[in-house]
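Residue numbers begin at 1 in each chain, while the letters A, B, ... track the order of the sequences.
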Amino acid sequence: MIAARVQAAAFDMAAETARLTGGRSDIGAVVTFTGHVRADDGLTALLIEHYPAMTQRQMMAIAAEAWGRWPLLGGSIVHRHGRLLPGEAIVLVAIASAHRGAAFAAAEFLMDWLKTRAPFWKQEERGDRLHWVAAKATDDAAAARWTAGGGTT
Amino acid sequence: MIAARVQAAAFDMAAETARLTGGRSDIGAVVTFTGHVRADDGLTALLIEHYPAMTQRQMMAIAAEAWGRWPLLGGSIVHRHGRLLPGEAIVLVAIASAHRGAAFAAAEFLMDWLKTRAPFWKQEERGDRLHWVAAKATDDAAAARWTAGGGTT
Amino acid sequence: MTIEFVYFAWVRERIGIGGETLDVPAGLATVTDLLDWLATRSPGHAAALADRGAIRVAVDQDFVMPDAPLGTPAEIAIFPPVTGG
Amino acid sequence: MTIEFVYFAWVRERIGIGGETLDVPAGLATVTDLLDWLATRSPGHAAALADRGAIRVAVDQDFVMPDAPLGTPAEIAIFPPVTGG
């Protein structure tokens, strides 16, 4: 299964992947994606707000969809909320499969979904100025790759 | 830069990625791929042989090619040789970039290259029987994605 | 009909509260009709809902299109396009 | 011309050694010509080189095609298609 959770605390990527592979010998490929806060244009922090009831419901739905689309052997999604400093990790997607193609595809699929459909909102802090991050058309285009007629898969 | 090395010893994925991101706030995305030994059909170990002079030379060349193709901020390739047991990690590719698209693409590109052009050979051990692994056409097809006229990119 | 409204990001800031429980009049057919009614409640509501292309709506934790039938939801969330990941 | 030969995987096993230093006769134009000559050295060499479609050649650590001109290499490696990663 793919476990999904939202938390304020930092996560341990090595522990997450060890939990997927520990004691197993059927997994051939593990792909991880970790998103970090970039200090673009003097950014001092990123404030992340989310909608807990919807996040939980939608994360479970998208995890189930990924599970159905690819032959996966395990996965983990962790998304942080609250105030994060430059360099800190925001989000982790870790996917285990027998072979690399499915693991890469599912990890990209889940990241594209998190960027465009998961109910999180980022606010950039630069000293005492705050600015809501706008959604990006490039993220919508990336997510559209996975829907029928939405471009190449 | 993308550092590449071959070793018999196990590697520490967390340490490798920490080395890429430590003290930096320009990296927004880190993608890792870890390959593990699968215990398919009673496999008891995988014996990995390589051609050191060529491996070193070719890894440096492919790392330079990835560096030129995508806007990357760091990377690491580690490939093990010798006798590895089921569940053990064989290979690591870790790529850092500002954005996720480049990091995913470069990691897949390097893995496809390692599967088809890096001079490693695997032998499967099942009890006292040894069997050389044959190259797979699917790996050649995956690698061909990255060359001009070789299919979709 | 009583509905729980929840607001996020700059929609929350413009309305000035994170959520509210409201009695919604009968006869609102679609999500758009509901937003039209909600916009009349205060200058903050009006400001938050002025640019309909800039907001997204979830009914009982599922995204809906503006022309979706309203039905009998328990919770309606209004927020800008998401920026997670 | 003296060339260092190195063999890997089942090519190494069939030839029976990991490598050898050989004096190569003049007049070998291509990589294929070199393999034809090498195959005559022992039954092991012949067995290893019998199926040319199943072997790959690197000259001075670069892959070459069978019809590549031989040139004056220092090291020639012969092995099956690679299976790393």
Side-chain angles (χ1 to χ4, degrees), chain A residues 12-18 20-40 42-44 46 73 85-101 103-105 107-112 114-115 136 138-139 141-142 145 151-153, chain B residues 12-18 20-40 42-44 46 73 85-101 103-105 107-112 114-115 136 138-139 141-142 145 151-153:
Chain A
D12 179 343
M13 192 249 267
E16 294 294 329
T17 57
L20 297 181
T21 57
R24 298 185 67 154
S25 56
D26 56 341
I27 289 170
V30 177
V31 170
T32 72
F33 175 89
T34 313
H36 291 261
V37 179
R38 281 178 288 115
D40 290 356
L43 180 135
T44 50
L46 207 52
L73 295 172
L85 301 178
E88 281 196 80
I90 307 170
V91 61
L92 172 72
V93 168
I95 297 293
S97 182
H99 301 285
R100 72 190 185 287
F104 271 117
E108 284 202 77
F109 168 78
L110 290 170
M111 277 310 306
D112 286 344
L114 286 168
K115 290 271 180 187
K136 285 191 291 184
T138 50
D139 286 332
R145 289 182 297 170
T152 58
T153 56
Chain B
D12 178 342
M13 193 248 269
E16 295 293 330
T17 57
L20 296 182
T21 57
R24 297 184 70 154
S25 56
D26 56 340
I27 290 170
V30 177
V31 170
T32 71
F33 175 89
T34 314
H36 291 260
V37 179
R38 281 178 288 115
D40 291 356
L43 179 134
T44 51
L46 207 53
L73 295 172
L85 301 177
E88 280 196 82
I90 307 170
V91 62
L92 172 72
V93 168
I95 297 293
S97 182
H99 301 285
R100 72 188 184 287
F104 271 117
E108 285 204 76
F109 168 79
L110 290 169
M111 278 309 306
D112 287 344
L114 285 168
K115 290 272 180 186
K136 286 191 291 187
T138 51
D139 286 331
R145 290 182 295 168
T152 57
T153 55

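For a residue to count as touching a neighbouring chain, one of its non-hydrogen atoms must lie under 4.5 Å from one of that chain's; by this rule B/Asp12 does not touch chain A. Heavy atoms of B/Thr138 lying under 4.5 Å from chain A are absent altogether. Of the atoms belonging to A/Ala142, it is side-chain heavy atoms, and not backbone ones, that fall under 4.5 Å from chain B.
Residues satisfying the side-chain contact (heavy atoms from CB on, under 4.5 Å) criterion with B/Ser25, sequence neighbours excluded, are A/Ala39, A/Pro86. With sequence neighbours excluded, the residues satisfying side-chain hydrogen bond (donor to acceptor under 3.5 Å, both in side chains) with A/Asp26 are A/Arg24.
Here B/Gly28 is the residue among B/Gly23, B/Ala15, B/Ala14, B/Gly28 with the most heavy-atom pairs under 4.5 Å with chain A. Heavy-atom pairs under 4.5 Å with chain A peak, among B/Thr17, B/Ile27, B/Thr21, at B/Ile27.
Of all residues spanning residues 89-100 of chain A, those with a heavy atom less than 4.5 Å away from chain B's heavy atoms are A/Ala98, A/His99, A/Arg100, arranged by number. Of residues 31-38 of chain A, those residues with a non-hydrogen atom less than 4.5 Å from any non-hydrogen atom of chain B are, in numerical order, A/Val31, A/Thr32, A/Phe33, A/Thr34, A/Gly35, A/His36, A/Val37, A/Arg38.
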